[in-house]
2 protein chains.
Amino acid sequence: MANQSSRLDQVFAALADPTRRAIVMRLCAGEASVGELADPFDMALPSFMKHIHVLETSGLVQSEKSGRVRTCRLSPDALLGAEDWFQQQRAIWEARLDRFEAYVMKLKKEKEQAAAKRPSRTTKKKGS
Amino acid sequence: MANQSSRLDQVFAALADPTRRAIVMRLCAGEASVGELADPFDMALPSFMKHIHVLETSGLVQSEKSGRVRTCRLSPDALLGAEDWFQQQRAIWEARLDRFEAYVMKLKKEKEQAAAKRPSRTTKKKGS
DNA sequence: TGATTGGTTAGCCATAAAGCTAACTATACA
DNA sequence: TGTATAGTTAGCTTTATGGCTAACCAATCA
């Protein structure tokens, strides 16, 4: 029934295509008509329009038509939303690295203390 | 012939699926076996393994098998690569905003100067 | 008014994606 | 040695994606 697919799903899916990434990059530099956007691509217009539509339903791009020309512009919110996702993951990842480092330091310290007590067992496993 | 699809394509495509994002999030907290990863999902193992494989060919995840259990870990490089892409776009976008702001300021200044010369035309268009 | 331009709709096709079941391999445990 | 566990392979189905052509509006321009 439902086309249950989150905003992030749509944004990442939109950005998974090189044509669409190129469009986004182009629009970062300023708004443009469909024709201008399509020009560099060796692709039939209807195919190209599908990409525009994907970008639009993902929320990355907005457009409006005046006269017979449709002007597209970037809507940076969706882009920032996706960027946030990365930063959250990185925060978790880095926290984990910190914990890992703390763990390694603890191991190291224990090992040093053990070595201080029994100075001859430094390289051996199974000392018990 | 060639399966010409860039690393960024693959990373974004991998992240476009909520199951795979969840796996990445889980792996941010530390490595895990396929079984542990699959547990929260109501999905047959072969289907789940496909997701792992997608993540692996995208470079986001690495895994190795010891005995009969395969352990997966995040490889943060690909994640950082994608994050970079956003930051580059944002840099372009912000530079453009700066230029736009400069342009608006210039317009404003010109308008003020025009108003100083002909004080009664402030709201009208087509003054020529 | 008639032709051009800019975009849109409709519909087709090939391939890829995401899920399933069934059957199999190989390690580990009893 | 036999059984349970952890993945894996093979093969099937349904739906989504990315491309095309052909035909069709609706503004502009001559």
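In the text below, chain A, chain B and the rest are named by the order of the sequence lines, each starting its count at 1.
- Considering only the side chain of A:V34, C:dG7 comes nearest among C:dG7, D:dC20, C:dC20.
- Contact check, A:H51 against D:dG19: a side-chain N or O comes under 4.0 Å of OP1 or OP2.
- Note: CE (A:M49) to C1' (D:dC24) measures 14 Å, nearest angstrom.
- Atom-to-atom, CZ of B:F41 to P of C:dC20 comes out at 13 Å; the value is rounded to the nearest Å.
- Going from atom CG of A:D9 over to atom C1' of C:dA18 covers 13 Å, rounded to whole Å.
- Considering only side-chain atoms of B:D17, the nucleotide from C:dT8, C:dA18, D:dG7 that sits closest is C:dA18.
- Contacts of B:S33 with the nucleic acid, taken as non-hydrogen atoms under 4.0 Å apart, involve only primed sugar atoms and P, OP1 or OP2.
- In this structure, CD on B:Q89 lies 11.0 Å from CD on B:Q87, to the nearest 0.5 angstrom.
- In this structure, of D:dG19, C:dC20, C:dT8, it is C:dC20 that holds the atom nearest to the side chain of B:A44.
- With hydrogens and angles ignored, no donor-acceptor pair closer than 3.5 Å exists between the side chain of B:R68 and the base of D:dA6.
- Separating the CZ atom of B:F12 from the P atom of D:dT17 is a distance of 17 Å, rounded to the nearest angstrom.
- Scanning atom types as modelled, no donor and acceptor separated by under 3.5 angstrom connect the side chain of A:K65 and the base of C:dG7.
- The cationic group of A:R96 lies under 6.0 Å from the six-membered ring centre of A:W93 and within 45° of the ring axis, placing it in a cation-pi geometry.
- One finds no side-chain N or O of A:S47 lying less than 4.0 angstrom from the OP1 or OP2 phosphate oxygen of D:dG18.
- Both A:L45 and B:L45 sit near DNA chain D, but only B:L45 has its closest nucleotide nearer the 5' end.
- Here D:dT9 is the nucleotide among D:dG7, D:dT9, C:dC12 with the atom lying nearest to any side-chain atom of B:P46.
- Going from atom CG of B:L15 over to atom P of C:dA18 covers 12 Å, rounded to whole Å.
- Rounded to a whole Å, the CD atom of A:Q10 is 13 Å from the C1' atom of D:dA16.
- Distances from the side chain of B:R20 to the nucleotides C:dT8, C:dC20, C:dA18 place C:dA18 closest.
- One atom, CD1 of A:I52, and another, P of D:dG19, lie 13 Å apart when rounded to the nearest Å.
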